[in-house]
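Written out below as structure tokens is the structure these notes cover.
Since the structure is predicted, the reported quantities are computational estimates derived from the model, not experimental observations. Position 1 is the first residue of the sequence; numbering continues from there. Side-chain atoms are counted along with the backbone in the values below, which use heavy atoms only and exclude waters and symmetry mates.
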Amino acid sequence: MNWKPELDELARREAFAKEMGGADKVKRQHDQGRLTVRERIDKLVDPKSFHEMGAISGIAEYDDKNELKTLTPANCVFGRGKIDKRPVVVVGDDFTVRGGSADASISAKPTMAEQMAHDFRMPIIRVIEGSGGGGSVKTIETKGAANLPGGVGGTTWYWYTTTNMARVPVVGLGLGSVAGLGAARLAASHYSVMTKSSAMFVAGPPVVARLGQSLDKQELGGWQIQTKAGGVDHAVDTEEEAFECARKFLSYLPSSVFDLPPTTPCSDDPERSDEALLNIVPRSRKQIYKMRPIIESVVDKGSFFEMGQNFGRSVIAGFARFDGRAVLLLASDPYIYGGSWTAEACQKVVRFVDLAETFHLPVVYLMDCPGFMIGLEAEKAATIRHGVRAMTAVNQTTVPWCTIIVRNSFGVAGVVHQPAGRFSMRYAWPSAYWGSLPLEGGIEAAYRADIEAAEDPKAKLAEIEDRLNKLRSPFRSAEKFWVEEIIDPRKTRSLICEFARLAEPLRTPGVARMAMRP
């Protein structure tokens, strides 16, 4: 006797699971331009590397002889696979079964996915399409009682979800309508991507309509809303692009805080110089220039991976490589408020500095910051409070820093170009210009009496400005050793590559020193 009957039964149940919500629901998913959860996982991980867990869990129907008639699988699919040959955990919502609602799920499945990522120190990718949470309003009737959010036995998943952010890389992919707890799962990640046909919201249009706001899904939580608000980092046209973004994001990071970011072979000469850098910053400070070409010039070719581009836009943030070594790169964008730090830009700095600290990434900052944003709207946004929080986050870091002062460095925001109280590398371009306050506006206040008493106030203002500008030369600061080095811009790549090599042995893996904020 053998166990073939049981194996046949197992195969039968697995076949039910692969049918998901049924042929009609699968067709509807495809007709709306979306892949099924298993198709998504297959495209995300290395070929044939996915090992599913709990595939045959769900709601079974039996006949009067207690023989299985059919099985509706739980709408959470999870398991382990590999991305670029490194183990990862993948957990996905099956929208073909009750629209991804928790009514048709088994709460232990997504919880176990988070536990596996936590205990086996593996990155986790959440493929999200649905509401999650305690189910729909119908749940009250089907369960016979109202669910208490965070009630008895209901907090384990939440603990792992937030704790994992200080332990392993977390990626969220929003690939459809994402609401309630689904939205929280997407936001509780180090990097989140949504397709442009998707939408994310705390509560959907029917619920919001009760507030008197008649909005469709895109108007309420479409990609333009969410990327600008910072709820989601990036939006793409296709699901395949989302999978590629997830894979690329993970390529810069260790599998957990107990490892170091991988160093990759580099064919780009670390001593390469770019003549264009000599002319990229205009002599006139009234003229702006583009920062991204500078980034692309100095990093390993094609290695810059920008995140959160539509949020806090005066600060550019992303990963890059120098001589094959991964760094967290921050840069000012003079095209947005002249590079001033807005309240949103400060929030962005906090988040990405935390990311660098959590996963042992050195920080490179290409700086052109004239200070915090000023004016009534800036005051209403409590910019200075967010700015102090950003300063605190920077000062709490222990990872190596290298700052290139490209142009402006003014005021309190100017101070936050490297951690205080420890050694960091810093270089200034000849175009650098700094001080407690910009001369523009400051001269009128400081020299008001002299200007008003002059026969020609405009000429007097110009005379004072010319005199102070000569004192503002970065060479004067270098004479007093208020700045360490002024460099030829063409040497920027070489010096940062050297920094990355020097920083490599200084990165210490271990338990994160602070909670990672989403």
V91 to A113 - nearest heavy-atom pair and separation: CB-CB, 3.8 Å

Salt bridge K43-E239, side-chain N to carboxylate O under 4.0 Å: no

Neighbour count >12 (heavy atoms, 6.0 Å) for atom OH, Y337: no

Step-by-step side chain to side chain contact (heavy atoms under 4.5 Å, CB included) determination, L220 to I225: CA-CA 7 Å; L220 179 61; I225 299 289; over 6 Å; no

Backbone N/O of F311 and side chain of K348: donor-acceptor pair under 3.5 Å: yes

Atom NZ of K196 with >12 non-hydrogen neighbours under 6.0 angstrom: yes

Separation of T403 OG1 from L366 CG (nearest 0.5 Å): 9.0 Å

Residue K290 excluded, over 12 heavy atoms near NZ under 6.0 Å: no

Any donor-acceptor N or O pair under 3.5 Å, side chains T111, E114: no

Note, I128 side chain near L175 side chain (heavy atom, < 4.5 Å): no

Intermediate values then yes/no, side chain to side chain donor-acceptor pair (under 3.5 Å), E129 and S177: CA-CA 6 Å; E129 183 181 15; S177 294; over 6 Å; no

Whether K109 side chain and G54 backbone form a donor-acceptor pair below 3.5 Å: yes

CD-CG distance between E9 and L7, expressed to the nearest 0.5 angstrom: 10.5 Å

Salt-bridge contact K69-D63 (side-chain N to carboxylate O under 4.0 Å): no

Value rounded to 0.5 Å, distance of CZ in R86 from OG in S251: 7.5 Å

Candidate list R126, R40, R185, R38, test salt bridge (Lys or Arg N to Asp or Glu O under 4.0 Å), partner D93, passing option: R185

R422 atom CZ, over 12 foreign heavy atoms within 6.0 Å: yes

Aromatic ring proximity, centroids under 6.0 angstrom, F305 and Y191: yes

Considering all heavy atoms, the nearest M200-Q226 contact: O-NE2, 2.7 Å

Within-4.5 Å side-chain heavy-atom neighbours: L181 and Y158: yes

W401 side chain near M425 side chain, heavy-atom distance below 4.5 Å: no

Salt-bridge criterion met for R493 and D268 (N-O under 4.0 Å): yes

Check ion pair R325-D300 (N to O, under 4.0 angstrom): no

Beyond-backbone contact of M307 with F319, side-chain heavy atoms, under 4.5 angstrom: yes

CG-CZ distance between D8 and R13, expressed to the nearest 0.5 angstrom: 13.0 Å

Under 3.5 Å side-chain donor-acceptor pair for T155 and W159: no

Within the 6.0 Å centroid threshold, strictly below: H118 and Y160: yes

Residue pair V90, V45: steps toward the side chain to side chain contact (heavy atoms under 4.5 Å, CB included) verdict: CA-CA 9 Å; V90 183; V45 301; 3.8 Å; yes

Under 3.5 Å donor-acceptor, T227 side chain and W223 backbone: yes

pair V77-E52: side-chain heavy atoms closer than 4.5 Å: yes

Side-chain (N75) to main-chain (V97) donor-acceptor, under 3.5 angstrom: yes

R313 and E344 ion-paired at < 4.0 Å: no

Student check: side-chain heavy atoms of V364 and F499 closer than 4.5 Å: yes

Close side-chain approach of V171 to I124, heavy-atom, < 4.5 Å: no

Side chain to side chain contact (heavy atoms under 4.5 Å, CB included) between D233 and V193, intermediate numbers included: CA-CA 6 Å; D233 291 312; V193 186; over 6 Å; no

R501 bridged to D323 by N-O distance under 4.0 Å: yes

Criterion side chain to side chain contact (heavy atoms under 4.5 Å, CB included) on F95 and T36, from CA distance to verdict: CA-CA 8 Å; F95 196 76; T36 66; over 6 Å; no

Under 3.5 Å: donor-acceptor pair, side chain of K82, backbone of D46: no

Polar side-chain atom of S314 near backbone of G339 as donor-acceptor pair, under 3.5 Å: no

Main-chain N/O of W157 paired with T161 side-chain donor or acceptor, under 3.5 Å: yes

Greater than 12 external heavy atoms within 6.0 Å of R12's CZ: yes

For the student: nearest non-hydrogen atoms of A117 and N164, plus distance: CB-ND2, 4.2 Å

Whether over 12 other heavy atoms sit under 6.0 Å from M20 CE: yes

Donor-acceptor pair between H30 and E39 side chains, under 3.5 angstrom: yes

Heavy-atom pair with the smallest gap, counting every atom of L186 and G174: CD1-N, 3.6 Å

Polar contact flag, side-chain donor to acceptor under 3.5 angstrom, Q213-E219: no

Gap separating the OG1 atom of T342 from the CD atom of Q347, nearest 0.5 angstrom: 8.0 Å

Step-by-step salt bridge (charged side-chain N to carboxylate O under 4.0 Å, His left out) determination, R292 to D333: CA-CA 8 Å; R292 285 179 179 83; D333 189 347; 3.2 Å; yes

Side chain Q218, main chain S198, donor-acceptor under 3.5 Å: yes

Where A17 and P73 come nearest, the two heavy atoms and their spacing: O-CG, 3.8 Å

Any L68 side-chain heavy atom under 4.5 Å of F16 side chain: yes

V399 backbone acceptor or donor facing T397 side chain under 3.5 Å: no

Salt bridge flag under 4.0 Å for residues R247 and E244: yes

H190 ring center near F249 ring center (under 6.0 Å): no

Expected output: side-chain E241 to main-chain V236 donor-acceptor under 3.5 Å: no

For S332 against Y365, the heavy-atom pair lying closest together: OG-OH, 3.7 Å

Between R34 and T96: side-chain donor-acceptor atoms closer than 3.5 Å: no

Residues T398 and E357: side-chain donor-acceptor under 3.5 angstrom: yes

F120 atom CZ, over 12 foreign heavy atoms within 6.0 Å: no

